[in-house]
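What follows is a set of notes on a single structure, which appears directly below.
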Amino acid sequence: MDAFWKFAKQMLRMRRYLVLGMLCAIVSAGGVGAGIAAIGPTLDILLEPNSGGLQTIAQTKANEHERYAKVLDPELIAALPSNPYDSIVLIMVTLAGLTVIGALANFMHQYLALTVVHTTVARIRRKAFGQVLELPLKTIVAQGPTDAISRIVNDTEALSAGFVAMLSKAVAHITKGIVALVAAFVINWQLAAVALLVMPILATVIRKLGKRIRRASTRALSSKADLYRASTEALQGLRVVKVHTTERYEAGRFGRINKEVLRQQLKVRTARAIAGPVAELVTMFALGGLTIVAAKLILDGSLDKTEFMSVLVALALAGASIKPLSGLVNDIQQSGAAADRLDRLLGADPEPGHENRLPKLARHHDSIVFDHASVIYPGATSPAISNVSLRINHGETIAFVGPNGCGKTTMLSLIPRLFDPDEGRMLIDGTDLTRVRIRSLRRQIGVVTQEVVLFKGTIAQNIAYGSRHASRQDIEQAARDARAMEFIDELEDGLDTQIGEQGLTMSGGQRQRLAIARAILRDPAILILDEATSMIDAHSEKLIGEVLDTFCKDRTSLIVAHRLSTVLGADRIVVLNEGKIVGQGTHDELMESCVVYEQLARHQLMDSSRTGKGDS
């Protein structure tokens with residue numbers, strides 16, 4: 001539970017709210033104490049109507065007990081009603097007023113407590129999301145993005161439930177229980193002390209059940225992350241699911257994971273269900289034993305029956321307040337599992353290169369060097385790229401070709417430091433990329449990939465993504481350069497047209513041109529095109545090719561391409577196979593010297609060049 005209390009300490013940032021909330025809880029609990037204090041006089045009046053009113057009872061108490069004589073001033077006693085009926089009315093009216101005050105105090109306590117909880121959890125959630133954004137891409141690839149999403153959304157919600165149980169519900173119950181218990185000790189401390197003997201038994205039961213709940217909750221949260229992953233994959237790839245008629249398979253996969261979630265939740269259910277009855281059973285046995293002992297004392301004349309009834313009511317109220325604590329402790333234990341998962345997320349090492357002490361990288365002007373770079377993905381048996389060495393001069397256009405899975409995308413991912421090489425170095429203009437601030441590096445790079453990522457918002461907002469200070473004129477010019485205005489002008493709202501989630505309201509070719517416009521707007525020194533024209537028809541590719549020919553001047557352009565027309569326009573072609581560079585040069589040189597390229601050129605590149613079709 002260390003992680004839970006570590007997060008709980010963050011609520012101390014709102015100390016004023018906590019103090020006010022605690023005072024309100026104490027005022028609310030004071031109403032319980034007043035009710036217990038009123039029990040004795042009320043019973044005396046009702047059971048013995050001829051005994052007189054509050055005035056007589058108060059005078060008797062003052063005469064018999066010195067502690068009452070100090071409190072009950074003669075003038076106060078004289079002001080009390082002597083008539084039994086008037087005394088009952090005064091007691092009830094006073095209790096009604098205290099009840100109203102207690103209810104208002106209870107409302108304020110709940111209001112302040114929930115404000116503290118939700119504000120703190122929102123802060124933790126924001127911090128968790130920021131941490132995920134700063135994690136190395138290799139970590140996200142290894143664990144999967146849905147696990148991180150589950151921790152940000154589900155685990156913070158579970159943590160919130162624990163905070164509510166502790167700060168809102170538990171505080172209210174504890175303050176009322178303490179007030180009732182104090183009242184019982186004031187009335188008769190011997191009887192109250194006997195009742196406390198059951199507390200160690202209750203504590204042991206709650207602790208053992210809490211541990212079981214925490215273990216099962218940890219497994220349930222992990223299974224929920226798998227459930228989130230399965231549903232996200234199926235719904236995001238719904239077109240593929242339907243085309244391949246795998247609805248039953250996906251439903252079965254979801255069902256198996258859902259069954260595991262249910263199994264873990266049922267373990268939590270058993271422990272939670274048994275906690276309340278066990279606490280109630282132990283409490284009832286204790287009160288039963290106490291009643292038997294008290295009955296003997298009353299019959300022997302050594303215990304006043306009104307005093308016993310007052311103590312019994314006080315202990316019953318204390319028990320009623322403390323009984324729900326077993327469930328609340330279980331809620332806290334359950335959220336402790338979520339706190340552990342969140343703590344591991346927040347404790348993960350962030351992506352290197354964001355330290356303020358690092359210098360900024362000057363704008364690229366000389367070279368990009370792969371110095372014996374190797375990358376192996378987590379769980380892989382062989383490296384994605386192995387011992388790659390390559391120098392690219394500023395302003396060169398380099399085409400990377402090779403069979404699928406040969407390491408082209410991985411190699412280009414080293415330039416913006418999406419991955420760091422496990423062996424070797426990456427240098428730009430002679431500077432090791434690990435020695436400069438990563439943001440200054442990435443601001444010089446424009447990237448367009450085959451899988452275009454668009455966000456919910458307007459077309460203009462998506463083009464300007466990452467370029468917050470771009471003017472409307474700059475955005476429109478970038479869209480025009482990417483030949484995107486051809487279809488944007490046909491839309492009713494133009495650049496202000498809303499794009500649906502993941503850009504599914506647009507064709508593949510339209511999404512691709514918006515991504516190219518986004519890269520153009522960044523004015524990068526290095527342009528990476530990873531199969532960027534794969535979703536564009538031949539006509540659009542020709543138009544964009546003309547734009548890129550102009551735009552790439554005085555920029556280093558790195559292109560992964562499957563079309564011969566793109567490859568032929570490069571200054572140099574680099575051929576990869578099984579993670580290694582097996583050839584580089586011009587098209588004619590490689591046709592003579594590189595078997596891998598010759599096969600690609602005759603089959604894959606030629607075919608894609610002839611049959612290249614896509615959405616526009």
Side-chain angles (χ1 to χ4, degrees), residues 129-141 145 148 348-371 373 375 385 390 392 394-398 400 408-422 424-455 461-470 474-475 478 482 514-532 548 551-552 554-560:
F129 183 72
Q131 171 73 356
V132 169
L133 292 179
E134 292 184 359
L135 286 177
L137 184 61
K138 189 176 285 188
T139 301
I140 300 299
V141 169
D349 292 331
E351 181 181 45
H354 291 281
E355 299 87 348
N356 290 329
R357 60 178 177 80
L358 293 173
K360 293 183 179 180
L361 179 68
R363 188 170 176 87
H364 165 57
H365 62 278
D366 182 35
S367 64
I368 299 173
V369 175
F370 296 79
D371 184 14
V375 173
I385 59 171
L390 178 67
I392 302 169
H394 175 260
E396 271 194 297
T397 297
I398 306 296
F400 293 84
K408 302 184 294 292
T409 299
T410 299
M411 188 171 172
L412 295 186
S413 296
L414 295 179
I415 297 173
R417 287 193 70 187
L418 297 179
F419 300 110
D420 281 333
D422 296 298
R425 298 183 302 164
M426 282 297 304
L427 300 97
I428 290 183
D429 301 340
T431 302
D432 191 331
L433 295 186
T434 60
R435 299 180 181 274
V436 297
R437 204 176 301 179
I438 201 167
R439 292 176 67 87
S440 66
L441 163 68
R442 291 175 178 170
R443 282 172 178 160
Q444 302 186 37
I445 300 173
V447 179
V448 182
T449 62
Q450 181 179 14
E451 297 180 3
V452 177
V453 177
L454 296 177
F455 300 92
Q461 288 170 342
N462 272 274
I463 293 175
Y465 187 77
S467 305
R468 290 185 300 169
H469 302 297
D474 292 336
I475 294 171
L514 291 183
I516 292 171
R518 181 190 294 167
I520 291 173
L521 185 61
R522 287 179 68 85
D523 186 26
I526 302 169
L527 184 63
I528 299 176
L529 304 174
D530 190 349
E531 302 185 43
L548 292 177
F551 183 68
C552 289
D554 298 323
R555 307 176 199 273
T556 303
S557 303
L558 312 174
I559 304 170
V560 174

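Between Val436 and Leu358, the shortest heavy-atom distance links the atoms O-CD1, 3.7 Å. Looking at every heavy atom in both residues, Met426 comes nearest to Ile368 through CE-CG2, 4.2 Å. Closest non-hydrogen pair, Pro350 versus Pro136, comes out as C-CD, 3.9 Å. Heavy atoms only, all atoms of each residue included: Cys552 and Ser557 are closest at SG-OG, 3.0 Å. The two residues Met411 and Phe370 make their nearest non-hydrogen contact at O-CE2, 3.3 Å. Contact detail for Ala373 and Arg425: the closest heavy-atom pair is CB-O, 4.4 Å.
Here the straight-line distance linking atom NE2 of His394 with atom CD1 of Ile526 works out to 8.5 Å at 0.5 Å rounding. Taking CG from Leu529 and CG from Leu558, the interatomic distance works out to 8.5 Å, rounded to the nearest 0.5 Å. Atom OG1 of Thr397 sits about 10.5 Å away from atom CD1 of Ile392, to the nearest 0.5 Å. Annotation: the span from Asp530 atom CG to Thr409 atom OG1 amounts to 3.5 Å, rounded to 0.5 Å. The distance from the CD atom of Gln444 to the CG atom of Asp523 is 10.5 Å, given to the nearest 0.5 Å. Residue Leu361 holds its CG atom at 6.0 Å from CD1 of Ile428, rounded to the nearest 0.5 Å.
Proximity of a side-chain donor or acceptor of Glu355 to a complementary backbone N or O of Gly353 within less than 3.5 Å is detected. Without hydrogens or angle criteria, Arg555 side chain to Pro524 main chain gives a donor-acceptor distance under 3.5 Å. Asn462 contributes a side-chain N or O that, together with a main-chain N or O of Phe455, makes up a donor-acceptor pair within less than 3.5 Å. Using modelled atom types, one side-chain atom of Thr556 and one backbone atom of Gly395 make a donor-acceptor pair closer than 3.5 Å.
The salt bridge (Lys or Arg N to Asp or Glu O under 4.0 Å) test with Glu351 is passed by exactly one of Arg442, Arg437, Arg417: Arg442. Of the candidates Leu454, Ile475, Val448, Leu454 is the only one forming a side-chain contact (heavy atoms from CB on, under 4.5 Å) with Arg518.
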Ile385 vs Phe419, side chain to side chain contact (heavy atoms under 4.5 Å, CB included): CA-CA, chis, key distance, verdict: CA-CA 12 Å; Ile385 59 171; Phe419 300 110; over 6 Å; no
Intermediate values then yes/no, side-chain hydrogen bond (donor to acceptor under 3.5 Å, both in side chains), Asp429 and Thr431: CA-CA 6 Å; Asp429 301 340; Thr431 302; over 6 Å; no
Intermediate values then yes/no, side chain to side chain contact (heavy atoms under 4.5 Å, CB included), His364 and Ile415: CA-CA 12 Å; His364 165 57; Ile415 297 173; over 6 Å; no
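No more than 12 heavy atoms of other residues, nucleotides or ligands sit less than 6.0 Å from atom CZ of Arg439.
In terms of the side-chain contact (heavy atoms from CB on, under 4.5 Å) criterion, residue partners of Val447 (sequence neighbours excluded) are, by chain and number, Ile445, Thr449, Ile528.
Here the side chains of Thr434 and Pro352 are not in contact, with every heavy-atom distance at 4.5 Å or above.
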